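To find a chain, count down the sequence lines: A is the first, B the second, and so on, and within it residues start at 1. Side chains are part of it too, since the values below use all heavy atoms of this structure and drop only hydrogens, waters and symmetry mates. All values reported here derive from a predicted model rather than from experimental measurement.
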Number of protein chains: 2
Amino acid sequence: MSESAIRPRKEFGKTIAADITHRLREEIIACSLAPGEPLRFDVLRERFGASFTTLREALTALAAEGLVDAQEQRGFRVAPVSRQDLVEVTDARVLIEVELIRRSIERGDDDWEIAVISTLHRLKRIEQRHPEHPLRDPEWKIAHRQFHQALVSACGSATLLAIRAELFDRAERYRHLSANFRPRPRDKAGEHQAIMQAAISRNADLAVQLIEAHIRSTSDNVATYAGHLLDAE
Amino acid sequence: MSESAIRPRKEFGKTIAADITHRLREEIIACSLAPGEPLRFDVLRERFGASFTTLREALTALAAEGLVDAQEQRGFRVAPVSRQDLVEVTDARVLIEVELIRRSIERGDDDWEIAVISTLHRLKRIEQRHPEHPLRDPEWKIAHRQFHQALVSACGSATLLAIRAELFDRAERYRHLSANFRPRPRDKAGEHQAIMQAAISRNADLAVQLIEAHIRSTSDNVATYAGHLLDAE
DNA sequence: AACGGTATGATTTTCGAAAATATGGTCTCT
DNA sequence: AGAGACCATATTTTCGAAAATCATACCGTT
(Lines give C-alpha, C1' and ligand atoms only; values in the text may rest on other atoms or scores of the structure.)
Protein backbone atom coordinates (compact mmCIF):
# COMPACT_ATOMS: atom_id res chain seq x y z
CA MET A 1 0.00 0.00 0.00
CA SER A 2 1.06 3.52 -0.61
CA GLU A 3 -0.29 5.15 2.50
CA SER A 4 2.75 7.28 3.07
CA ALA A 5 2.54 8.53 -0.49
CA ILE A 6 -1.00 9.71 -0.11
CA ARG A 7 -0.36 11.65 3.04
CA PRO A 8 3.19 12.85 3.50
CA ARG A 9 1.82 15.07 6.24
CA LYS A 10 4.08 14.19 9.09
CA GLU A 11 7.36 13.73 7.29
CA PHE A 12 9.10 17.03 7.20
CA GLY A 13 12.28 17.77 5.35
CA LYS A 14 12.64 14.63 3.33
CA THR A 15 12.06 16.20 -0.02
CA ILE A 16 11.40 19.86 -0.65
CA ALA A 17 8.36 18.98 -2.72
CA ALA A 18 6.78 17.06 0.16
CA ASP A 19 7.50 19.92 2.51
CA ILE A 20 5.95 22.48 0.18
CA THR A 21 2.94 20.24 -0.28
CA HIS A 22 2.50 20.15 3.46
CA ARG A 23 2.84 23.88 3.93
CA LEU A 24 0.55 24.70 1.03
CA ARG A 25 -2.07 22.30 2.36
CA GLU A 26 -1.98 23.95 5.77
CA GLU A 27 -2.38 27.42 4.32
CA ILE A 28 -5.26 26.39 2.11
CA ILE A 29 -7.08 24.64 4.95
CA ALA A 30 -6.57 27.65 7.20
CA CYS A 31 -7.88 29.89 4.42
CA SER A 32 -4.79 32.03 4.59
CA LEU A 33 -4.88 31.28 0.88
CA ALA A 34 -8.45 32.19 0.05
CA PRO A 35 -10.77 29.89 -1.90
CA GLY A 36 -10.62 30.58 -5.62
CA GLU A 37 -7.44 32.63 -5.29
CA PRO A 38 -5.12 32.16 -8.25
CA LEU A 39 -1.79 30.50 -7.39
CA ARG A 40 0.78 32.19 -9.61
CA PHE A 41 4.23 30.79 -9.75
CA ASP A 42 6.04 34.09 -9.28
CA VAL A 43 4.20 34.67 -6.02
CA LEU A 44 4.59 31.11 -4.77
CA ARG A 45 8.22 31.09 -5.76
CA GLU A 46 8.92 34.07 -3.58
CA ARG A 47 6.72 32.88 -0.73
CA PHE A 48 8.03 29.33 -0.49
CA GLY A 49 11.49 29.69 -1.97
CA ALA A 50 11.22 26.79 -4.40
CA SER A 51 11.51 26.49 -8.14
CA PHE A 52 8.77 26.16 -10.73
CA THR A 53 8.88 22.43 -11.05
CA THR A 54 8.97 21.72 -7.35
CA LEU A 55 5.95 23.95 -6.82
CA ARG A 56 4.23 22.32 -9.74
CA GLU A 57 4.69 18.91 -8.18
CA ALA A 58 3.18 20.11 -4.90
CA LEU A 59 0.22 21.72 -6.64
CA THR A 60 -0.42 18.58 -8.65
CA ALA A 61 -0.56 16.51 -5.48
CA LEU A 62 -2.97 18.94 -3.85
CA ALA A 63 -5.13 18.97 -6.96
CA ALA A 64 -5.56 15.23 -6.55
CA GLU A 65 -6.68 15.83 -2.96
CA GLY A 66 -9.30 18.32 -4.08
CA LEU A 67 -7.73 21.33 -2.36
CA VAL A 68 -6.37 22.86 -5.55
CA ASP A 69 -8.00 23.34 -8.91
CA ALA A 70 -5.77 22.74 -11.95
CA GLN A 71 -6.85 24.59 -15.07
CA GLU A 72 -4.79 23.18 -17.87
CA GLN A 73 -2.56 25.73 -19.54
CA ARG A 74 -4.00 28.39 -17.27
CA GLY A 75 -2.34 27.54 -14.02
CA PHE A 76 -3.65 26.61 -10.61
CA ARG A 77 -5.94 28.22 -8.07
CA VAL A 78 -7.16 27.36 -4.61
CA ALA A 79 -10.20 25.11 -4.99
CA PRO A 80 -13.33 27.26 -4.86
CA VAL A 81 -15.98 26.73 -2.20
CA SER A 82 -19.71 26.40 -2.73
CA ARG A 83 -22.83 25.22 -0.97
CA GLN A 84 -22.95 22.23 -3.26
CA ASP A 85 -19.40 21.24 -2.42
CA LEU A 86 -20.06 21.67 1.30
CA VAL A 87 -23.09 19.40 1.04
CA GLU A 88 -21.12 16.78 -0.90
CA VAL A 89 -18.22 16.79 1.53
CA THR A 90 -20.56 16.56 4.48
CA ASP A 91 -22.53 13.68 2.99
CA ALA A 92 -19.40 11.78 2.03
CA ARG A 93 -17.93 12.29 5.48
CA VAL A 94 -21.05 10.95 7.16
CA LEU A 95 -21.10 7.90 4.91
CA ILE A 96 -17.50 7.00 5.55
CA GLU A 97 -16.99 8.16 9.11
CA VAL A 98 -20.06 6.26 10.29
CA GLU A 99 -18.76 3.07 8.74
CA LEU A 100 -15.29 3.53 10.20
CA ILE A 101 -16.63 4.23 13.69
CA ARG A 102 -18.59 1.00 13.54
CA ARG A 103 -15.56 -0.98 12.47
CA SER A 104 -13.34 0.65 15.08
CA ILE A 105 -15.82 -0.10 17.87
CA GLU A 106 -16.00 -3.64 16.58
CA ARG A 107 -12.27 -4.19 16.38
CA GLY A 108 -10.66 -1.70 18.74
CA ASP A 109 -8.36 -3.12 21.40
CA ASP A 110 -6.94 -1.66 24.61
CA ASP A 111 -4.55 0.59 22.76
CA TRP A 112 -7.42 2.02 20.78
CA GLU A 113 -9.37 2.84 23.93
CA ILE A 114 -6.32 4.47 25.44
CA ALA A 115 -5.78 6.55 22.31
CA VAL A 116 -9.39 7.74 22.29
CA ILE A 117 -9.36 8.63 25.96
CA SER A 118 -5.99 10.35 25.96
CA THR A 119 -6.58 12.41 22.83
CA LEU A 120 -9.88 13.61 24.25
CA HIS A 121 -8.18 14.43 27.53
CA ARG A 122 -5.61 16.57 25.78
CA LEU A 123 -8.33 18.30 23.79
CA LYS A 124 -10.23 19.18 26.96
CA ARG A 125 -7.10 20.44 28.69
CA ILE A 126 -6.42 22.80 25.83
CA GLU A 127 -9.99 24.02 25.90
CA GLN A 128 -9.66 24.72 29.64
CA ARG A 129 -6.44 26.63 29.23
CA HIS A 130 -7.70 28.67 26.26
CA PRO A 131 -11.39 29.31 26.68
CA GLU A 132 -11.48 31.66 23.71
CA HIS A 133 -12.41 30.69 20.19
CA PRO A 134 -10.70 27.36 19.65
CA LEU A 135 -10.44 27.12 15.87
CA ARG A 136 -7.91 29.92 15.82
CA ASP A 137 -5.66 28.02 18.19
CA PRO A 138 -3.40 25.72 16.18
CA GLU A 139 -2.85 23.56 19.23
CA TRP A 140 -6.59 22.95 19.53
CA LYS A 141 -6.83 22.20 15.81
CA ILE A 142 -4.19 19.49 16.09
CA ALA A 143 -5.70 17.96 19.20
CA HIS A 144 -9.17 18.00 17.67
CA ARG A 145 -7.90 16.32 14.54
CA GLN A 146 -6.09 13.68 16.57
CA PHE A 147 -9.15 12.86 18.66
CA HIS A 148 -11.30 12.23 15.62
CA GLN A 149 -8.46 10.32 14.02
CA ALA A 150 -8.12 8.12 17.10
CA LEU A 151 -11.82 7.28 17.05
CA VAL A 152 -11.59 5.61 13.64
CA SER A 153 -7.98 4.43 13.85
CA ALA A 154 -8.89 0.82 14.62
CA CYS A 155 -11.08 0.35 11.55
CA GLY A 156 -8.45 -1.74 9.81
CA SER A 157 -8.57 -0.09 6.38
CA ALA A 158 -5.74 2.21 5.39
CA THR A 159 -7.58 2.84 2.15
CA LEU A 160 -10.68 4.22 3.84
CA LEU A 161 -8.61 6.12 6.38
CA ALA A 162 -6.81 7.94 3.58
CA ILE A 163 -10.12 8.89 1.97
CA ARG A 164 -11.46 9.99 5.34
CA ALA A 165 -8.41 12.17 5.93
CA GLU A 166 -8.89 14.00 2.64
CA LEU A 167 -12.52 14.69 3.41
CA PHE A 168 -11.63 15.85 6.91
CA ASP A 169 -9.20 18.39 5.46
CA ARG A 170 -11.73 19.69 2.99
CA ALA A 171 -14.30 20.05 5.75
CA GLU A 172 -11.87 21.79 8.04
CA ARG A 173 -11.38 24.47 5.44
CA TYR A 174 -15.09 25.24 5.61
CA ARG A 175 -14.93 25.40 9.39
CA HIS A 176 -12.16 27.97 9.14
CA LEU A 177 -14.17 29.91 6.62
CA SER A 178 -17.02 30.35 9.07
CA ALA A 179 -14.88 30.73 12.19
CA ASN A 180 -14.46 34.45 11.71
CA PHE A 181 -18.20 35.02 11.56
CA ARG A 182 -19.51 32.63 14.15
CA PRO A 183 -20.44 34.56 17.28
CA ARG A 184 -19.50 31.87 19.78
CA PRO A 185 -18.56 28.24 19.59
CA ARG A 186 -21.23 25.75 20.54
CA ASP A 187 -20.58 23.16 23.18
CA LYS A 188 -18.29 20.86 21.29
CA ALA A 189 -16.64 19.65 24.48
CA GLY A 190 -19.85 17.96 25.58
CA GLU A 191 -20.35 16.35 22.19
CA HIS A 192 -16.83 14.96 22.11
CA GLN A 193 -17.22 13.58 25.62
CA ALA A 194 -20.47 11.83 24.68
CA ILE A 195 -18.93 10.35 21.53
CA MET A 196 -15.96 9.06 23.50
CA GLN A 197 -18.19 7.41 26.07
CA ALA A 198 -20.38 5.76 23.46
CA ALA A 199 -17.30 4.44 21.67
CA ILE A 200 -15.56 3.10 24.76
CA SER A 201 -18.72 1.42 26.00
CA ARG A 202 -19.02 -0.19 22.55
CA ASN A 203 -22.41 1.31 21.88
CA ALA A 204 -22.02 1.49 18.13
CA ASP A 205 -25.51 2.72 17.29
CA LEU A 206 -25.27 5.60 19.73
CA ALA A 207 -21.76 6.53 18.63
CA VAL A 208 -22.84 6.55 15.00
CA GLN A 209 -25.83 8.72 15.78
CA LEU A 210 -23.70 11.20 17.74
CA ILE A 211 -21.01 11.39 15.07
CA GLU A 212 -23.50 12.01 12.32
CA ALA A 213 -25.16 14.78 14.34
CA HIS A 214 -21.73 16.22 15.13
CA ILE A 215 -20.70 16.38 11.49
CA ARG A 216 -24.02 17.68 10.23
CA SER A 217 -24.39 20.38 12.86
CA THR A 218 -20.90 21.62 12.13
CA SER A 219 -21.79 21.78 8.47
CA ASP A 220 -25.05 23.59 9.20
CA ASN A 221 -23.14 26.09 11.28
CA VAL A 222 -20.82 26.78 8.38
CA ALA A 223 -23.75 27.24 6.00
CA THR A 224 -25.35 29.65 8.44
CA TYR A 225 -22.40 31.83 9.28
CA ALA A 226 -20.45 31.66 6.04
CA GLY A 227 -23.37 31.42 3.65
CA HIS A 228 -22.61 34.81 2.14
CA LEU A 229 -19.13 33.60 1.23
CA LEU A 230 -20.47 30.46 -0.42
CA ASP A 231 -22.80 32.32 -2.75
CA ALA A 232 -20.31 35.00 -3.68
CA GLU A 233 -18.20 32.58 -5.66
CA MET B 1 11.07 6.61 -29.64
CA SER B 2 9.49 7.19 -32.99
CA GLU B 3 6.02 6.43 -31.67
CA SER B 4 6.01 9.29 -29.22
CA ALA B 5 7.17 11.63 -31.93
CA ILE B 6 4.30 10.66 -34.19
CA ARG B 7 1.72 10.70 -31.45
CA PRO B 8 -0.38 13.83 -31.49
CA ARG B 9 0.63 16.02 -28.65
CA LYS B 10 -2.76 16.39 -27.04
CA GLU B 11 -4.28 12.96 -26.91
CA PHE B 12 -5.80 13.41 -23.47
CA GLY B 13 -5.68 16.88 -22.06
CA LYS B 14 -3.58 19.70 -23.23
CA THR B 15 -0.45 19.36 -21.15
CA ILE B 16 2.18 16.72 -21.63
CA ALA B 17 2.10 15.97 -17.92
CA ALA B 18 -1.62 15.17 -18.05
CA ASP B 19 -1.05 12.98 -21.07
CA ILE B 20 1.77 11.06 -19.40
CA THR B 21 -0.33 10.67 -16.28
CA HIS B 22 -3.06 9.12 -18.36
CA ARG B 23 -0.78 6.77 -20.25
CA LEU B 24 1.04 5.69 -17.12
CA ARG B 25 -2.26 5.02 -15.36
CA GLU B 26 -3.39 2.82 -18.23
CA GLU B 27 -0.21 0.79 -18.22
CA ILE B 28 -0.29 0.30 -14.47
CA ILE B 29 -3.93 -0.78 -14.50
CA ALA B 30 -3.26 -3.17 -17.35
CA CYS B 31 -0.27 -4.57 -15.43
CA SER B 32 1.99 -3.94 -18.37
CA LEU B 33 3.94 -2.22 -15.63
CA ALA B 34 4.02 -4.93 -12.99
CA PRO B 35 3.05 -4.32 -9.35
CA GLY B 36 6.06 -3.37 -7.25
CA GLU B 37 8.21 -2.69 -10.32
CA PRO B 38 10.59 0.22 -9.79
CA LEU B 39 9.91 3.21 -12.02
CA ARG B 40 13.32 4.61 -12.90
CA PHE B 41 13.54 7.89 -14.65
CA ASP B 42 15.99 6.80 -17.33
CA VAL B 43 13.62 4.07 -18.42
CA LEU B 44 10.50 6.20 -18.27
CA ARG B 45 12.26 9.01 -20.05
CA GLU B 46 13.01 6.79 -22.99
CA ARG B 47 9.64 5.11 -22.95
CA PHE B 48 7.48 8.23 -22.74
CA GLY B 49 9.78 10.83 -24.23
CA ALA B 50 9.38 13.35 -21.47
CA SER B 51 11.79 15.04 -19.12
CA PHE B 52 12.49 14.31 -15.46
CA THR B 53 10.21 16.94 -14.04
CA THR B 54 7.26 16.18 -16.27
CA LEU B 55 7.48 12.52 -15.35
CA ARG B 56 7.82 13.43 -11.72
CA GLU B 57 4.61 15.43 -11.85
CA ALA B 58 2.75 12.50 -13.40
CA LEU B 59 4.11 10.06 -10.83
CA THR B 60 3.14 12.36 -7.99
CA ALA B 61 -0.43 12.52 -9.25
CA LEU B 62 -0.63 8.75 -9.53
CA ALA B 63 0.82 8.36 -6.06
CA ALA B 64 -2.11 10.39 -4.74
CA GLU B 65 -4.44 7.98 -6.53
CA GLY B 66 -2.83 4.98 -4.90
CA LEU B 67 -1.47 3.47 -8.12
CA VAL B 68 2.12 4.50 -7.48
CA ASP B 69 4.18 4.25 -4.35
CA ALA B 70 6.49 7.20 -3.68
CA GLN B 71 9.49 6.31 -1.55
CA GLU B 72 11.02 9.62 -0.63
CA GLN B 73 14.56 10.03 -1.90
CA ARG B 74 14.42 6.56 -3.36
CA GLY B 75 12.17 7.11 -6.30
CA PHE B 76 8.86 5.65 -7.31
CA ARG B 77 7.56 2.17 -7.98
CA VAL B 78 4.28 0.71 -9.12
CA ALA B 79 2.09 0.27 -6.03
CA PRO B 80 2.48 -3.29 -4.79
CA VAL B 81 -0.47 -5.62 -4.56
CA SER B 82 -1.49 -7.75 -1.60
CA ARG B 83 -4.43 -9.69 -0.25
CA GLN B 84 -4.94 -7.04 2.37
CA ASP B 85 -5.09 -4.28 -0.22
CA LEU B 86 -7.50 -6.29 -2.37
CA VAL B 87 -9.79 -6.77 0.62
CA GLU B 88 -9.64 -3.07 1.47
CA VAL B 89 -10.37 -1.95 -2.08
CA THR B 90 -13.24 -4.41 -2.37
CA ASP B 91 -14.78 -3.34 0.94
CA ALA B 92 -14.45 0.34 0.13
CA ARG B 93 -15.97 -0.20 -3.30
CA VAL B 94 -18.97 -2.01 -1.86
CA LEU B 95 -19.54 0.70 0.72
CA ILE B 96 -19.47 3.51 -1.81
CA GLU B 97 -20.91 1.87 -4.89
CA VAL B 98 -23.93 0.62 -2.96
CA GLU B 99 -24.65 4.11 -1.71
CA LEU B 100 -24.24 5.65 -5.15
CA ILE B 101 -26.51 3.10 -6.80
CA ARG B 102 -29.20 3.93 -4.27
CA ARG B 103 -28.89 7.62 -4.91
CA SER B 104 -28.86 7.16 -8.67
CA ILE B 105 -31.99 5.02 -8.58
CA GLU B 106 -33.59 7.64 -6.38
CA ARG B 107 -32.66 10.59 -8.55
CA GLY B 108 -32.05 9.26 -12.05
CA ASP B 109 -34.09 10.82 -14.84
CA ASP B 110 -34.82 9.70 -18.41
CA ASP B 111 -31.31 10.51 -19.59
CA TRP B 112 -29.89 8.32 -16.87
CA GLU B 113 -32.06 5.37 -17.91
CA ILE B 114 -31.02 5.86 -21.51
CA ALA B 115 -27.34 5.95 -20.53
CA VAL B 116 -27.66 2.73 -18.53
CA ILE B 117 -29.49 0.91 -21.28
CA SER B 118 -27.28 2.07 -24.12
CA THR B 119 -23.97 1.42 -22.37
CA LEU B 120 -25.14 -2.10 -21.52
CA HIS B 121 -26.25 -2.62 -25.11
CA ARG B 122 -22.84 -1.65 -26.41
CA LEU B 123 -21.19 -3.94 -23.88
CA LYS B 124 -23.30 -6.90 -24.99
CA ARG B 125 -22.64 -6.20 -28.66
CA ILE B 126 -18.91 -6.30 -28.05
CA GLU B 127 -19.25 -9.53 -26.12
CA GLN B 128 -21.15 -11.05 -29.03
CA ARG B 129 -18.59 -9.98 -31.57
CA HIS B 130 -15.65 -11.12 -29.49
CA PRO B 131 -16.66 -14.16 -27.51
CA GLU B 132 -13.13 -14.78 -26.31
CA HIS B 133 -11.69 -13.57 -23.05
CA PRO B 134 -13.04 -10.04 -22.66
CA LEU B 135 -10.60 -8.44 -20.26
CA ARG B 136 -7.87 -8.52 -22.88
CA ASP B 137 -10.03 -6.56 -25.30
CA PRO B 138 -9.55 -2.85 -24.70
CA GLU B 139 -12.89 -2.12 -26.33
CA TRP B 140 -14.65 -4.35 -23.82
CA LYS B 141 -12.76 -2.73 -20.97
CA ILE B 142 -13.94 0.72 -21.96
CA ALA B 143 -17.54 -0.37 -22.49
CA HIS B 144 -17.55 -2.22 -19.17
CA ARG B 145 -16.23 0.80 -17.38
CA GLN B 146 -18.79 3.05 -19.01
CA PHE B 147 -21.70 0.81 -18.06
CA HIS B 148 -20.75 0.80 -14.39
CA GLN B 149 -20.09 4.52 -14.58
CA ALA B 150 -23.52 5.13 -16.08
CA LEU B 151 -25.22 3.20 -13.28
CA VAL B 152 -23.99 5.61 -10.61
CA SER B 153 -23.81 8.75 -12.75
CA ALA B 154 -27.05 10.23 -11.40
CA CYS B 155 -26.00 10.11 -7.74
CA GLY B 156 -25.44 13.85 -7.63
CA SER B 157 -22.06 13.86 -5.87
CA ALA B 158 -18.98 14.63 -7.91
CA THR B 159 -16.94 14.09 -4.76
CA LEU B 160 -18.10 10.51 -4.27
CA LEU B 161 -17.88 9.80 -8.00
CA ALA B 162 -14.21 10.79 -7.98
CA ILE B 163 -13.50 8.48 -5.05
CA ARG B 164 -15.42 5.71 -6.75
CA ALA B 165 -13.40 6.15 -9.94
CA GLU B 166 -10.12 5.77 -8.09
CA LEU B 167 -11.29 2.59 -6.40
CA PHE B 168 -12.57 1.22 -9.69
CA ASP B 169 -9.13 1.72 -11.24
CA ARG B 170 -7.38 0.02 -8.37
CA ALA B 171 -9.79 -2.91 -8.58
CA GLU B 172 -9.40 -3.19 -12.33
CA ARG B 173 -5.68 -3.72 -11.87
CA TYR B 174 -6.42 -6.77 -9.77
CA ARG B 175 -8.82 -8.06 -12.40
CA HIS B 176 -6.06 -7.81 -14.99
CA LEU B 177 -3.67 -9.56 -12.68
CA SER B 178 -5.90 -12.61 -12.53
CA ALA B 179 -7.08 -12.50 -16.14
CA ASN B 180 -4.11 -14.49 -17.39
CA PHE B 181 -4.77 -17.33 -14.98
CA ARG B 182 -8.53 -17.53 -14.97
CA PRO B 183 -9.59 -20.56 -17.06
CA ARG B 184 -12.81 -19.05 -18.42
CA PRO B 185 -14.79 -15.92 -17.69
CA ARG B 186 -17.93 -16.40 -15.67
CA ASP B 187 -21.25 -15.16 -16.92
CA LYS B 188 -20.83 -11.48 -16.44
CA ALA B 189 -23.30 -10.69 -19.20
CA GLY B 190 -26.17 -12.11 -17.20
CA GLU B 191 -25.14 -10.24 -14.09
CA HIS B 192 -24.96 -6.95 -15.92
CA GLN B 193 -28.34 -7.52 -17.48
CA ALA B 194 -29.92 -8.23 -14.08
CA ILE B 195 -28.33 -5.16 -12.54
CA MET B 196 -29.61 -2.98 -15.35
CA GLN B 197 -33.14 -4.32 -14.99
CA ALA B 198 -33.17 -3.81 -11.24
CA ALA B 199 -31.93 -0.26 -11.66
CA ILE B 200 -34.35 0.73 -14.41
CA SER B 201 -37.30 -0.74 -12.53
CA ARG B 202 -36.16 1.28 -9.51
CA ASN B 203 -35.77 -1.77 -7.32
CA ALA B 204 -33.01 -0.31 -5.17
CA ASP B 205 -32.71 -3.16 -2.70
CA LEU B 206 -32.30 -5.73 -5.45
CA ALA B 207 -29.86 -3.59 -7.42
CA VAL B 208 -27.75 -3.07 -4.32
CA GLN B 209 -27.71 -6.76 -3.58
CA LEU B 210 -26.69 -7.63 -7.13
CA ILE B 211 -23.96 -5.01 -7.26
CA GLU B 212 -22.47 -6.15 -3.99
CA ALA B 213 -22.46 -9.75 -5.16
CA HIS B 214 -20.95 -8.67 -8.49
CA ILE B 215 -18.11 -6.81 -6.81
CA ARG B 216 -17.38 -9.45 -4.23
CA SER B 217 -17.45 -12.39 -6.61
CA THR B 218 -15.04 -10.59 -8.92
CA SER B 219 -12.77 -10.01 -5.98
CA ASP B 220 -13.04 -13.64 -4.89
CA ASN B 221 -12.15 -14.71 -8.39
CA VAL B 222 -9.03 -12.60 -8.27
CA ALA B 223 -8.04 -14.03 -4.92
CA THR B 224 -8.54 -17.53 -6.26
CA TYR B 225 -6.72 -17.25 -9.55
CA ALA B 226 -4.05 -14.71 -8.68
CA GLY B 227 -3.51 -15.69 -5.07
CA HIS B 228 0.02 -16.86 -5.72
CA LEU B 229 0.89 -13.41 -7.04
CA LEU B 230 -0.56 -11.71 -3.99
CA ASP B 231 1.51 -13.67 -1.53
CA ALA B 232 4.72 -13.40 -3.49
CA GLU B 233 5.06 -9.74 -2.57
C1' DA C 1 35.86 -13.29 9.32
C1' DA C 2 33.48 -9.13 11.17
C1' DC C 3 33.06 -4.40 11.46
C1' DG C 4 33.11 0.38 10.25
C1' DG C 5 34.33 3.89 7.41
C1' DT C 6 34.85 5.83 2.76
C1' DA C 7 35.30 6.39 -2.15
C1' DT C 8 32.66 5.58 -6.39
C1' DG C 9 28.97 5.06 -9.44
C1' DA C 10 24.01 5.17 -10.01
C1' DT C 11 19.73 7.51 -9.25
C1' DT C 12 16.83 10.90 -7.61
C1' DT C 13 15.74 15.69 -6.75
C1' DT C 14 16.07 20.56 -7.62
C1' DC C 15 16.96 24.49 -10.29
C1' DG C 16 16.52 28.45 -13.70
C1' DA C 17 16.63 29.12 -18.62
C1' DA C 18 13.98 28.49 -22.70
C1' DA C 19 9.80 27.14 -25.27
C1' DA C 20 4.89 27.12 -25.48
C1' DT C 21 0.69 29.13 -24.57
C1' DA C 22 -2.65 32.47 -22.80
C1' DT C 23 -4.02 37.33 -22.05
C1' DG C 24 -4.96 41.96 -23.16
C1' DG C 25 -4.63 45.88 -26.01
C1' DT C 26 -4.49 48.19 -30.55
C1' DC C 27 -5.64 48.59 -35.12
C1' DT C 28 -8.46 47.85 -39.22
C1' DC C 29 -12.46 47.00 -41.74
C1' DT C 30 -17.43 46.63 -42.15
C1' DA D 1 -19.71 50.84 -32.50
C1' DG D 2 -18.68 45.74 -33.14
C1' DA D 3 -16.02 41.92 -34.84
C1' DG D 4 -11.91 40.05 -36.12
C1' DA D 5 -6.79 39.98 -36.86
C1' DC D 6 -2.51 40.94 -35.03
C1' DC D 7 1.15 42.04 -31.92
C1' DA D 8 3.30 42.62 -27.20
C1' DT D 9 3.39 41.07 -22.68
C1' DA D 10 2.44 37.94 -18.87
C1' DT D 11 2.26 33.34 -17.33
C1' DT D 12 2.55 28.64 -17.60
C1' DT D 13 4.87 24.48 -19.07
C1' DT D 14 8.86 21.81 -20.44
C1' DC D 15 13.58 20.75 -20.68
C1' DG D 16 18.36 19.04 -19.52
C1' DA D 17 22.19 20.32 -16.61
C1' DA D 18 23.75 20.36 -11.93
C1' DA D 19 23.30 19.35 -6.98
C1' DA D 20 21.91 16.14 -3.56
C1' DT D 21 21.25 11.69 -2.05
C1' DC D 22 21.43 6.73 -2.04
C1' DA D 23 23.56 2.03 -2.97
C1' DT D 24 27.56 -0.63 -3.36
C1' DA D 25 32.10 -2.18 -3.40
C1' DC D 26 36.45 -1.60 -1.47
C1' DC D 27 39.86 -1.21 2.08
C1' DG D 28 42.04 -1.19 6.49
C1' DT D 29 41.72 -2.36 11.27
C1' DT D 30 40.48 -5.30 15.05
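Taking the ring axis of A/Phe168 as reference, the NZ or CZ atom of A/Arg173 does not stay both within 45° of it and closer than 6.0 Å to the ring centre. A cation-pi contact, defined as under 6.0 Å to the ring centre and within 45° of the axis, is absent between A/Arg122 and A/Phe147.
Between D/dT13, D/dC15, C/dT12, one nucleotide has an atom nearer to the side chain of A/Phe76 than all others, and that is D/dT13. Here the side chain of B/Thr53 is nearest to one of D/dT12, D/dC15, C/dT12, namely D/dC15.
Of the two residues near DNA chain C, A/Arg74 and A/Glu57, the one whose nearest nucleotide lies more 5' is A/Glu57.
In this structure, A/Leu59 places its CG atom 13 Å from C1' of D/dT13, rounding to the nearest Å. Look at CG on B/Asp42: it is 13 Å from C1' on D/dG16, rounded to the nearest Å. Here C/dT11 presents its C1' atom at 13 Å from CZ of B/Arg45, a figure rounded to the nearest Å. Look at CZ on A/Arg77: it is 17 Å from P on D/dT11, rounded to the nearest Å. Residue B/Lys14 contributes atom NZ, which lies 10 Å from atom C1' of C/dT21 at whole-angstrom precision. One interatomic measurement links the two molecules: CD1 of B/Ile16 to C1' of C/dT21, which rounds to 12 Å at whole-angstrom precision. For A/Glu72 and C/dT21, the CD to C1' distance is 13 Å, given to the nearest whole Å. The separation between A/Gln73 atom CD and C/dA20 atom C1' is 8 Å, rounded to whole Å.
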Step by step, work out the side-chain hydrogen bond (donor to acceptor under 3.5 Å, both in side chains) result for B/Thr53 and A/Thr53.
CA-CA 6 Å; B/Thr53 30; A/Thr53 29; 5.2 Å; no
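Ionic pairing of B/Asp42 and B/Arg47 is not present here: no N-O contact between side-chain nitrogen and carboxylate oxygen is shorter than 4.0 angstrom.
Base contact: A/Phe52 has a heavy atom under 4.0 Å from a base atom. Across all strands, A/Leu39 comes closer than 4.0 Å only to sugar-phosphate atoms, never to a base (heavy-atom distances). B/Thr54 comes within 4.0 angstrom of the backbone, heavy atoms only, and of no base.
Between A/His144 and A/His148, the angle of the ring planes goes over 60°, which puts this pair in the perpendicular group of the 30/60° scheme.
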